[in-house]
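Written below as structure tokens is the structure these notes are about.
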Amino acid sequence: QVQLVESGGGSVQAGGSLRLSCTVSGNSNNMNCMAWFRQAPGKERERVARINMRDAETEYPDSVKGRFTISRDNAKNTMFLEMNNLKPEDTAMYYCAAGQTDSPYCSVRAGGYKYWGQGTQVTVSS
């Protein structure tokens with residue numbers, strides 16, 4: 001089993017920044033893909049960043065590209081999401097996810113990740 005615990009959410013004004021953390025524990029050695037997703041009330045869960053643990057390649061959708069940065073600290077078993085220039089539309093529950101794939105590429109879909117954290121709320125006011 002793999003356990004994921006997010007932290008760092010909060011309330012900020014538009015234009016502000018937050019840094020989310022995801023601490024990984026358990027039998028995570030086989031997890032080669034990690035990602036951040038978010039879900040706002042009444043909306044589908046959407047990917048905001050993913051990182052391939054094998055080569056550190058990252059990917060972002062256009063909605064957050066240039067504002068969000070995903071990174072990892074292997075020594076601390078922690079993944080981060082640095083969020084800058086936050087907008088009210090970024091308001092959502094943010095989840096970290098981990099998965100394993102035989103493909104060279106990590107999934108863009110939530111279904112491609114087996115383990116999930118409990119989420120941390122991010123609220124951006126205008």
Side-chain angles (χ1 to χ4, degrees):
Q1 284 291 333
V2 176
Q3 294 81 40
L4 307 175
V5 179
E6 303 97 334
S7 61
S11 297
V12 296
Q13 290 190 331
S17 299
L18 283 173
R19 188 192 197 201
L20 306 184
S21 299
C22 174
T23 302
V24 184
S25 61
N27 187 17
S28 61
N29 291 337
N30 293 332
M31 298 297 107
N32 50 25
C33 293
M34 295 195 71
W36 288 95
F37 287 78
R38 67 186 181 189
Q39 188 167 20
K43 295 188 177 181
E44 293 186 355
R45 189 167 295 192
E46 66 169 333
R47 179 189 85 264
V48 296
R50 63 186 169 115
I51 184 167
N52 190 325
M53 306 297 282
R54 292 161 287 188
D55 58 11
E57 181 181 13
T58 60
E59 181 271 338
Y60 309 89
D62 289 342
S63 58
V64 306
K65 192 174 295 183
R67 301 188 297 121
F68 289 14
T69 303
I70 188 172
S71 62
R72 61 181 181 169
D73 183 333
N74 290 337
K76 296 181 179 181
N77 288 331
T78 303
M79 180 176 68
F80 303 98
L81 184 68
E82 186 77 32
M83 304 185 295
N84 297 314
N85 191 22
L86 283 161
K87 304 175 181 180
E89 53 262 43
D90 294 318
T91 295
M93 186 72 79
Y94 283 70
Y95 300 90
C96 67
Q100 189 276 332
T101 180
D102 294 330
S103 166
Y105 308 105
C106 294
S107 177
V108 299
R109 299 177 297 107
Y113 297 84
K114 182 176 182 179
Y115 299 102
W116 292 81
Q118 82 289 350
T120 186
Q121 178 68 37
V122 172
T123 302
V124 185
S125 58
S126 58

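Just so it is clear, the values below take in all heavy atoms, side chains as well, and ignore hydrogens, waters and symmetry mates.
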Task: Side-chain (Glu82) to main-chain (Thr69) donor-acceptor, under 3.5 angstrom - done: no
Open item on the list: Applying disulfide (SG to SG under 2.5 Å) as the test, list every pair that has at least one member in residues 56-91; sequence neighbours left out.
Closed with: none
- [ ] Heavy atoms only: give me the nearest Met53-Cys33 pair and the separation to one decimal.
- [x] CG-N, 3.9 Å
- [ ] To the nearest 0.5 angstrom, please state how far the CG atom of Asn27 sits from the CD atom of Gln3.
- [x] 9.5 Å
Task: Point-to-point distance, once rounded to the nearest 0.5 Å, from CG of Leu20 to OG1 of Thr78 - done: 12.5 Å
Open item on the list: With clusters defined by side-chain heavy atoms of hydrophobic residues (ILVMFWY) lying less than 4.5 Å apart, directly or transitively, does Met93 cluster with Leu4?
Closed with: no
Scan the side chains in residues 39-52 for donor-acceptor partners under 3.5 Å anywhere in the protein, sequence neighbours excluded, and list what turns up.
{"unit_1": "Gln39", "atom_1": "OE1", "unit_2": "Arg45", "atom_2": "NE", "d": "3.2"}
{"unit_1": "Gln39", "atom_1": "OE1", "unit_2": "Arg45", "atom_2": "NH2", "d": "3.3"}
{"unit_1": "Gln39", "atom_1": "NE2", "unit_2": "Lys43", "atom_2": "O", "d": "3.1"}
{"unit_1": "Glu46", "atom_1": "OE2", "unit_2": "Arg38", "atom_2": "NE", "d": "2.7"}
{"unit_1": "Glu46", "atom_1": "OE2", "unit_2": "Arg38", "atom_2": "NH2", "d": "3.1"}
{"unit_1": "Arg47", "atom_1": "NE", "unit_2": "Glu59", "atom_2": "OE1", "d": "2.8"}
{"unit_1": "Arg47", "atom_1": "NH1", "unit_2": "Val108", "atom_2": "O", "d": "3.2"}
{"unit_1": "Arg47", "atom_1": "NH2", "unit_2": "Glu59", "atom_2": "OE1", "d": "3.4"}
{"unit_1": "Arg47", "atom_1": "NH2", "unit_2": "Glu59", "atom_2": "OE2", "d": "2.7"}
{"unit_1": "Arg50", "atom_1": "NE", "unit_2": "Glu59", "atom_2": "OE1", "d": "2.8"}
{"unit_1": "Arg50", "atom_1": "NH1", "unit_2": "Cys106", "atom_2": "O", "d": "2.4"}
{"unit_1": "Asn52", "atom_1": "OD1", "unit_2": "Arg54", "atom_2": "N", "d": "3.0"}
{"unit_1": "Asn52", "atom_1": "OD1", "unit_2": "Arg54", "atom_2": "NE", "d": "2.9"}
{"unit_1": "Asn52", "atom_1": "ND2", "unit_2": "Pro104", "atom_2": "O", "d": "2.9"}

Open item on the list: Is there a path of hydrophobic side-chain contacts, each under 4.5 Å between heavy atoms of I/L/V/M/F/W/Y residues, joining Val122 to Leu81?
Closed with: yes
- [ ] Nearest 0.5 Å please: distance from the OG atom of Ser7 over to the CZ atom of Phe80.
- [x] 8.5 Å
Open item on the list: Checking the side chain of Tyr113 only, and the main-chain atoms of Ser107 only, is there a donor and an acceptor separated by less than 3.5 Å?
Closed with: yes
Open item on the list: Are Tyr115 and Tyr95 connected into the same hydrophobic cluster when the rule is that any two of I, L, V, M, F, W, Y join if their side-chain heavy atoms are below 4.5 Å apart?
Closed with: no
Open item on the list: To the closest 0.5 Å, what do you measure between NZ (Lys87) and OG (Ser126)?
Closed with: 13.5 Å
Task: Side chain Glu6, main chain Cys22, donor-acceptor under 3.5 Å - done: no
TODO: Mind telling me whether Trp116 and Phe37 have parallel, tilted or perpendicular rings, with 30° and 60° as the class edges?
DONE: tilted
Open item on the list: Using 0.5 Å steps for rounding, measure from the OG1 atom of Thr23 to the CE atom of Met79.
Closed with: 10.0 Å
- [ ] Group every Ile, Leu, Val, Met, Phe, Trp and Tyr by side-chain heavy-atom contacts under 4.5 Å, then state whether Val64 and Leu18 land in the same group.
- [x] yes
Task: For Leu86 against Met83, the heavy-atom pair lying closest together - done: CD2-CB, 3.8 Å
Open item on the list: I'd like to check Arg67 versus Asp90 (side-chain heavy atoms, cut-off strictly below 4.5 Å). Are they in contact?
Closed with: yes
Task: From NZ (Lys114) to CD (Gln1), nearest 0.5 Å - done: 7.0 Å
Open item on the list: Main chain of Ile70, side chain of Tyr60: is a donor-acceptor contact present, judged purely on distance under 3.5 Å?
Closed with: yes
Open item on the list: Quick check against the 3.5 Å criterion: does Thr91 have a side-chain atom that pairs as donor or acceptor with the backbone of Val124?
Closed with: yes
